[in-house]
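All remarks here apply to the structure that follows.
The chains referred to below are lettered A, B, ... by the order of the sequence lines, with proteins before strands, and numbering in each begins at 1. Note that the structure is predicted; figures quoted are calculated from it, not measured.
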2 protein chains.
Amino acid sequence: MTGGSVRVTIDDVARAAGVSRQTVSRAMNDKGDISEATRRRVLATIEELDYRPSAFARGMRTQRAGTVALVLPDIANPFFPAVARGVFDAAAARGLSVVVHNTDADAGAEAEAGRAIVDAGAAGAIGFFEALDDAALAALGRRIPLVVADRPAPDGAVATVRTDFRAGTRLACGHLSSRGHARLGMLDGAVQNKPERRRAFLEVLGAAGQPDPADHVVAGPPTVAGGAAALRHLLARHPGVTGVFAFNDLLAIGAVQALRAAGRRAGEQIAVVGYDDITMAALLDPPLTTVHTDKYELGRTLVEVLAHRLDGHPAEHRTLAPRLVIRGSA
Amino acid sequence: MTGGSVRVTIDDVARAAGVSRQTVSRAMNDKGDISEATRRRVLATIEELDYRPSAFARGMRTQRAGTVALVLPDIANPFFPAVARGVFDAAAARGLSVVVHNTDADAGAEAEAGRAIVDAGAAGAIGFFEALDDAALAALGRRIPLVVADRPAPDGAVATVRTDFRAGTRLACGHLSSRGHARLGMLDGAVQNKPERRRAFLEVLGAAGQPDPADHVVAGPPTVAGGAAALRHLLARHPGVTGVFAFNDLLAIGAVQALRAAGRRAGEQIAVVGYDDITMAALLDPPLTTVHTDKYELGRTLVEVLAHRLDGHPAEHRTLAPRLVIRGSA
DNA sequence: ATGAAAGCGCTAACAA
DNA sequence: TTGTTAGCGCTTTCAT
């Protein structure tokens with residue numbers, strides 16, 4: 001009780017416990033070569049003095065902070081908060097803090113985020129990179145343990161967690177076909193490095209014998225406004241389309257709205273299937289039929305895979321299975 | 001080009017520029033006592049070697065990282081991503097990284113977040129604290145520059161940014177009255193430390209002469225499900241209520257759904273006004289009449305106020321004005 | 001205007 | 001099993 005608000009250091013603990021500071025370090029970091037009795041005593045002293053190790057000093061030695069980075073294009077896009085929630089919970093459970101970098105899917109911002117992450121000495125990074133190329137991603141993966149989401153691995157050292165887009169797309173298109181829609185169109189998000197959904201769509205349509213599938217894809221920004229515009233373009237070009245598959249729910253919602261504005265109703269004259277199953281999807285009228293991906297689980301898994309990597313395991317590659325949720329719009 | 005991936009340190013720069021390392025430090029930190037010529041030369045060398053100062057080493061000296069913390073109850077609640085977006089953008093513009101702590105409005109989690117923030121040596125913190133009491137908040141504010149959102153200042157050292165709930169509530173209730181709704185009820189969020197909306201509601205109703213206003217408030221968790229349940233309770237207790245004001249849009253949406261399930265339609269038999277104007281509000285059917293608060297601007301302002309504090313200015317207190325957005329539900 | 005010395009708090013390597 | 005020695009890269013005195 002000598003007062004003052006000076007920091008309690010490892011030396012204070014060592015002195016109070018009657019050991020060297022190395023022993024304190026061993027006790028708190030669960031290193032071996034320490035007797036159980038000493039360990040207990042030191043831990044008790046730490047508790048008593050309310051000692052908190054300096055993250056800076058520790059980082060200086062280890063070159064690794066207790067922090068992981070989360071890179072995403074736009075936290076305001078409803079898909080990402082759900083994922084982020086899973087990331088936060090899983091990270092907190094492991095005593096890791098999460099630094100979020102918002103990039104707007106801009107290549108410069110993604111690169112800058114990578115630099116900031118490395119400079120900050122983050123223990124690892126989780127990223128939804130949409131603009132950076134594989135070479136840049138591989139380079140980042142060499143400087144720091146990295147897990148990329150929803151994208152093929154650019155490199156053996158980079159782990160991945162993906163949702164099975166092909167399966168999801170087949171689910172969506174299969175459903176539309178089974179409901180009797182012979183002519184399908186796709187509203188694609190103008191998102192680089194994400195060709196899977198479009199490819200799967202073309203594949204399914206090709207197999208089903210629909211003529212000229214590629215001409216039935218319209219790309220636009222993956223937003224509500226983008227979806228409305230894309231739907232108008234699609235129908236202007238191909239008035240016979242009655243089944244619409246959207247890259248994500250935001251686009252699908254825009255499509256439903258554009259239909260309503262044109263006096264048509266999704267689920268009746270024309271069917272719309274979204275992707276992601278964001279919270280909003282179930283609350284709309286008509287509620288949106290969509291491919292559900294477990295976003296919270298995706299976030300959790302990203303952290304789990306990163307944690308394995310931090311523990312020295314090789315890069316894993318996991319895939320999450322989507323499922324179709326049939327509601328009113330298709 | 002001697003190779004290796006060893007870190008470029010301040011000494012490397014000093015050597016290359018032919019100066020001492022404090023001169024390098026002076027140059028990069030814009031301290032005085034350095035000739036313009038030297039400064040330029042050092043900066044050029046820094047550029048050339050792609051030198052990035054170690055955050056750890058710097059933090060060790062200064063006890064301050066280039067990181068700010070953002071504490072919020074639930075990133076998956078649509079209000080917060082919109083605010084977070086403003087925080088991220090404003091922080092990035094100032095070269096600050098943002099560490100996000102999700103608390104679920106739990107007192108233990110909020111306290112733990114505070115501890116983690118201090119331990120990490122964050123430069124400052126921005127928080128939506130819903131469970132922590134004023135004493136704990138004031139204590140945190142003494143250890144680190146702190147800005148609290150949507151809550152009265154617990155202490156002279158703590159800055160605040162708030163939306164004017166009283167004004168918003170008056171707007172909402174005034175609108176309901178002007179539409180001829182004589183009997184109003186409120187769906188309150190069961191959120192500690194947020195009595196303003198309820199208080200303003202009681203005040204307005206008291207002034208308008210409605211009997212027993214307090215009995216017309218039903219509290220529940222601020223979610224869609226909570227809103228549906230609260231609405232059923234409210235109408236069971238007071239079947240004569242025709243105007244409903246909700247603590248937030250999630251509650252309001254739940255209320256609209258409960259009405260639909262009961263064969264009634266918001267905006268016709270009964271009016272519902274929400275609060276926040278989350279993205280979803282405009283997309284629903286009927287679209288939600290709600291009190292709009294500029295969430296992005298709130299985030300931006302929180303960072304601005306924190307930045308002023310970091311620059312040594314006294315704690316500020318700002319208020320953002322809400323406005324009513326009239327749509328179909330009321 | 002510049003440089004030399006000191007030390008922030010911790011952990012890795014080695015010695016005892 | 002424990003302690004000692006060194007030093008991570010930076011900024012802050014203080015001297016020049």
Side-chain angles (χ1 to χ4, degrees), chain A residues 4-46 49-67 95 118-123 310 312, chain B residues 4-43 45-46 49-67 95 118-123 310:
Chain A
S5 94
V6 284
R7 173 175 257 293
V8 176
T9 74
I10 195 171
D11 285 307
D12 298 325
V13 176
R15 210 169 304 125
V19 296
S20 75
R21 62 173 189 247
Q22 200 39 238
T23 301
V24 176
S25 177
R26 282 181 188 116
M28 69 180 165
N29 294 321
D30 286 319
K31 302 279 180 181
D33 290 341
I34 183 170
S35 77
E36 185 55 25
T38 315
R39 212 182 62 87
R40 270 202 220 295
R41 185 156 42 87
V42 171
L43 258 26
T45 310
I46 285 176
L49 299 187
D50 190 29
Y51 162 69
R52 334 264 335 190
S54 155
F56 296 126
R58 181 173 276 175
M60 191 147 179
R61 289 297 325 180
T62 62
Q63 299 299 338
R64 276 297 74 110
T67 291
V118 171
D119 288 354
L310 296 180
Chain B
S5 94
V6 284
R7 174 176 257 291
V8 176
T9 74
I10 195 171
D11 286 309
D12 299 324
V13 176
R15 211 169 303 124
V19 296
S20 74
R21 64 177 189 243
Q22 16 306 323
T23 300
V24 176
S25 178
R26 281 178 191 118
M28 69 179 165
N29 295 319
D30 287 318
K31 302 277 181 184
D33 289 341
I34 182 169
S35 77
E36 185 54 23
T38 316
R39 212 182 61 87
R40 273 202 218 294
R41 185 156 43 88
V42 170
L43 258 26
T45 309
I46 285 176
L49 299 186
D50 191 29
Y51 162 69
R52 337 264 334 193
S54 154
F56 295 127
R58 181 173 278 174
M60 192 146 177
R61 292 297 322 181
T62 62
Q63 299 298 337
R64 276 293 79 106
T67 292
V118 170
D119 288 353
L310 296 180

Please state how far atom CD1 in B/I46 lies from atom P in D/dC10, giving the value in whole angstrom units. 10 Å
Assert: residue with more 5' nearest nucleotide on DNA chain C, out of B/G18 and B/Q63, is B/G18
Nearest-angstrom distance from the residue atom CG of A/D33 to C1' of D/dT2: 9 Å
A/F56 CZ to D/dT11 C1': how many Å, rounded? 14 Å
Would you say B/S54 reaches D/dC10's phosphate, i.e. side-chain N/O to OP1/OP2 under 4.0 Å? no
Are A/I10 and A/M28 packed together at the side-chain level, in the sense that at least one heavy-atom pair is separated by less than 4.5 angstrom? yes
When you measure from the side-chain N and O atoms of A/S20 to the phosphate of D/dG3, is any distance below 4.0 Å, counting only OP1 and OP2? yes
Please report the distance, rounded to the nearest Å, between CD1 in A/I34 and P in C/dT11. 13 Å
Judged by nearest nucleotide, the residue sitting upstream toward the 5' end of DNA chain D, B/R26 or B/P53, is B/P53
Donor-acceptor pair under 3.5 Å, B/R61 side chain vs C/dG9 base: no
Measure from CZ on B/R64 to C1' on D/dT11 and round the result to the nearest Å. 16 Å
Of the nucleotides D/dG9, D/dT11, C/dT11, which one has an atom closest to the side chain of B/T9? D/dG9
Should A/R26 and A/T38 count as side-chain neighbours, where that means a heavy-atom distance under 4.5 Å? no
Just by modelled atom types, is the B/I34 backbone N or O under 3.5 Å from a matching donor or acceptor in the B/R39 side chain? no
Report yes if at least one side-chain N or O of A/R58 is closer than 4.0 Å to OP1 or OP2 of C/dT11; otherwise report no. yes
Euclidean distance, atom CZ of residue A/R40 to atom P of D/dT1 [Å, nearest integer]: 15 Å
Say you draw a straight line from OG of A/S25 to CZ of A/R58; how long is it, rounded to the nearest 0.5 Å? 7.5 Å
Quiz question: going by heavy-atom distance under 3.5 Å, is there a donor-acceptor pair between the base of C/dA1 and the side chain of B/Q22? no
Take the protein atom CE of A/M60 and the nucleotide atom P of C/dG7, then report the distance between them rounded to whole Å. 15 Å
Tell me: CZ of B/R15 to P of D/dC10, nearest whole Å? 12 Å
Should B/S25 be listed as having a side-chain N or O under 4.0 Å from OP1 or OP2 of D/dT11? yes
Between the side chains of B/S20 and B/Q22, does any donor sit under 3.5 Å from an acceptor? yes
Kindly indicate whether the side chain of B/R21 and the base of D/dT11 share any N or O donor-acceptor pair separated by less than 3.5 Å? yes
Any side-chain N or O of A/T38 under 4.0 Å from OP1/OP2 of D/dT2? yes
